[in-house]
Amino acid sequence: MLLVLVWAPSFLLLDNIDTWQLIINTVTTIVTFLLVALLQNTQKRSDDAIQHKLNAIADGLADLMAQLSREHPGLQVDCQELRAAVGLEHREGA
């Protein structure tokens, strides 16, 4: 809103319409670039948070399967496959 309020009367301050259009286009481009960067940063942070939660769930499930594998030997293979599939042994801390 502030940008529009500054933009409208600026036409009266500048005599040349080309200069006015150039300034407005430049400011609009910069604001658009900054908003896109902000959105991408937010999306990356959201993706990282979701991945961290999924890793915690998979780690808990693998620990539960490891404990239950004493009574059910078939779970040991499934536990190893789960750890290999999600990379629990080789993932880095966030």
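- The line from CD1 of I30 to CG of N25 is 11.0 Å long, rounded to the nearest 0.5 Å.
- I50 belongs to a hydrophobic cluster with L54, counting contacts under 4.5 Å between side-chain heavy atoms of Ile, Leu, Val, Met, Phe, Trp and Tyr, direct or through other members.
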Identify each donor-acceptor pair in which a side-chain atom of residues 31-46 lies under 3.5 Å from a protein atom, sequence neighbours left out, and give them as a table.
unit_1	atom_1	unit_2	atom_2	d
T32	OG1	T28	O	2.8
T42	OG1	L38	O	2.9
Q43	NE2	D47	OD1	3.1
K44	NZ	D48	OD2	2.9

What pairs of donor and acceptor atoms, side-chain ones from residues 64-81 against any protein atom, are under 3.5 angstrom apart with sequence neighbours left out?
unit_1	atom_1	unit_2	atom_2	d
S69	OG	A66	O	2.7
S69	OG	Q76	OE1	3.0

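- Under the 4.5 Å side-chain criterion, counting only non-hydrogen atoms from C-beta, I23 is in contact with T19.
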